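Worth saying up front: this structure is predicted, and the values here are computed from it rather than measured.
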Amino acid sequence: MPSPSGGLEVPLWRALTVFRLASLAYVCALAVRDADRYAHPYAVGVLILVMIVWTGTTVIGYARPARRRWPLLLADLGVVLAVVLATPWVVGRAALATGVPTMGVAWMAGPVLAWAVSGGRRRGTVAALLVAGADLATRQRIGESSFTGVILMLLAGVVVGHVARLAATAEERLQRAVELEAATRERERLARGIHDSVLQVLALVQRRGVDLPGEAGELARLAGEQEAALRALIADAGPAAAVIPDSPEAAAVDLRTLLGRYASSAVALSAPATPVPLPRRVAGELAAATGAALDNVGRHAGGRAWVLIEDEGATVTVSIRDEGPGIPDGRLAEAAAQGRLGVTQSIRGRVVDLGGTVRIVSAPEAGTEIELTVPRAQR
């Protein structure tokens, strides 16, 4: 696949232009030197004119990224192959046998380098093999010097193609770094604006109204929760930051980021200082089960809840603890019989499907603790 044309590849295309012009000048110098030894001197002159015109065409064509596509690349290779294959007739096999150079000489490496810059090592190798094969076909005797030219052609295609791929990769990484830096600066600017306005107002409402009775106190509590959620939002890089690019899994995410959305003035989150990478599906299901458990805390227990993330290597455990009245014995079975499957399906079902376990510990007036454990490696 052709590499995206960008700034780091421009020097390579310019170097190719210099090479083609210099190699053309070398061919012209050899043609003047050996003019009296050619079998058809006038045909050699026509061939030189074709090479001059085509060199100018490629210099202009490859100067624009939009034209560095298959039509020009194939035409470039075709013209060079035609020039190389015409050598035995215009130069003469007798002259070639006495050591007169072929018409292509170094000029025939032009399309090899163009293919390598545009498509990397594989494309450069293909072009080198085709040009080298045509050059060998023009020779009556193939000696060590002939194979030396083939090897040099292959090395040029492989090395230049490798450098071109490195340049394309470096440019892509640089572009991502620039975009990330720009997004980070914009997020920091927005965070400063939010902190100076919205967060301060929410904090003021929470402080002034927390001790008020009735709806005013409830409004203050909601303001506090929204302040905590908004602080977590602007402190985090968003969904993109949850992705762990160096993780063995193709799409690993940081569980801390997903569970951080539940943190508020009523929910305290404790997590390791380092990322807790999990496959995207596992992390999403575990976060959903945690959210379902917190919903139950809000409906039945009230008060505060504590969420703890533990990375144990082969497994990851999330514990949700509250200080509510606890779950009476037999209450979960009774709820399931009545068709209320919040714990059975939303919590236990999700975790079991992941190959994990759910442990619920509860005592009257002593709160409830739900422990969700899932394996990191999924079958």
So [Y] and [X], do their side chains get closer than 4.5 Å, heavy atoms only?
{"X": "W306", "Y": "E323", "answer": "yes"}
{"X": "V131", "Y": "L81", "answer": "yes"}
{"X": "T373", "Y": "R359", "answer": "no"}
{"X": "R376", "Y": "P277", "answer": "yes"}
{"X": "M103", "Y": "V44", "answer": "yes"}
{"X": "L259", "Y": "Y262", "answer": "yes"}
{"X": "T169", "Y": "R173", "answer": "yes"}
{"X": "V361", "Y": "T368", "answer": "no"}

Can you hop from [X] to [Y] via hydrophobic side chains spaced under 4.5 Å?
{"X": "V90", "Y": "V105", "value": "yes"}
{"X": "L30", "Y": "I52", "value": "yes"}
{"X": "L308", "Y": "L269", "value": "no"}
{"X": "V80", "Y": "V53", "value": "no"}
{"X": "V59", "Y": "F19", "value": "no"}

Between [atom1] of [X] and [atom2] of [Y], what distance do you get to the nearest 0.5 Å?
{"X": "L113", "Y": "R20", "atom1": "CG", "atom2": "CZ", "value": "8.5 Å"}
{"X": "L286", "Y": "R281", "atom1": "CG", "atom2": "CZ", "value": "11.5 Å"}
{"X": "L24", "Y": "T58", "atom1": "CG", "atom2": "OG1", "value": "9.5 Å"}
{"X": "D135", "Y": "M108", "atom1": "CG", "atom2": "CE", "value": "4.0 Å"}
{"X": "L258", "Y": "T290", "atom1": "CG", "atom2": "OG1", "value": "9.5 Å"}
{"X": "D322", "Y": "I370", "atom1": "CG", "atom2": "CD1", "value": "7.5 Å"}

message: Keeping R256 on the side-chain end and A273 on the backbone end, is there a donor-acceptor pair under 3.5 Å?
response: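 Answer holds: yes.
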task: Kindly say whether V158 contributes a backbone atom to a donor-acceptor pair with the side chain of R121 at under 3.5 angstrom?
output: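 Not confirmed, R121 side chain does not pair with V158 backbone.
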Determine the minimum heavy-atom distance between [X] and [Y], stating which atoms define it.
{"X": "T138", "Y": "L85", "value": "CG2-CA, 4.0 Å"}
{"X": "V91", "Y": "A95", "value": "O-CB, 3.4 Å"}
{"X": "P275", "Y": "D311", "value": "O-OD2, 4.3 Å"}
{"X": "E310", "Y": "S319", "value": "OE1-OG, 4.0 Å"}
{"X": "A39", "Y": "G92", "value": "CB-CA, 3.7 Å"}
{"X": "W13", "Y": "A114", "value": "CH2-O, 3.7 Å"}

task: Kindly state each residue pair satisfying ring pair (Phe, Tyr, Trp, His ring centres under 6.0 Å) with at least one member in residues 115-173, sequence neighbours excluded.
output: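 Qualifying pairs: W70-W115.
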field: CD (E312) with more than 12 external heavy atoms under 6.0 Å
entry: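 Counting other residues, nucleotides and ligands, CD of E312 exceeds 12 neighbours.
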- prompt: Counting heavy atoms not belonging to R14, are there more than 12 under 6.0 Å from its CZ?
  reply: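 12 or below, so no.
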- prompt: Does the side-chain contact (heavy atoms from CB on, under 4.5 Å) test come out yes or no for V112 and V160, once each step is laid out?
  reply: CA-CA 9 Å; V112 174; V160 173; over 6 Å; no
task: With sequence neighbours excluded, give me every side chain to side chain donor-acceptor pair (under 3.5 Å) pair touching residues 26-55.
output: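 Sorted pair list: R37-T98, W54-D76, T55-W107.
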message: Run the side-chain contact (heavy atoms from CB on, under 4.5 Å) test on L96 and R139 for me, step by step, so that the C-alpha distance in whole Å, both residues' side-chain angles and the decisive distance to 0.1 Å come before the verdict.
response: CA-CA 8 Å; L96 291 174; R139 302 176 185 271; over 6 Å; no
- request: Would you sort out whether Q175 and E179 count as a side-chain hydrogen bond (donor to acceptor under 3.5 Å, both in side chains), showing the intermediate values?
  value: CA-CA 6 Å; Q175 182 64 28; E179 293 174 355; 3.2 Å; yes
task: For side-chain contact (heavy atoms from CB on, under 4.5 Å), just list the numbers for R350 and L372, CA-CA rounded to whole Å, side-chain angles, deciding distance to a tenth of an Å, and then say yes or no.
output: CA-CA 10 Å; R350 281 191 169 100; L372 313 176; over 6 Å; no
message: Applying side-chain contact (heavy atoms from CB on, under 4.5 Å) to I347 and N296, what does each step give before you reach the verdict?
response: CA-CA 10 Å; I347 301 177; N296 285 339; 3.8 Å; yes
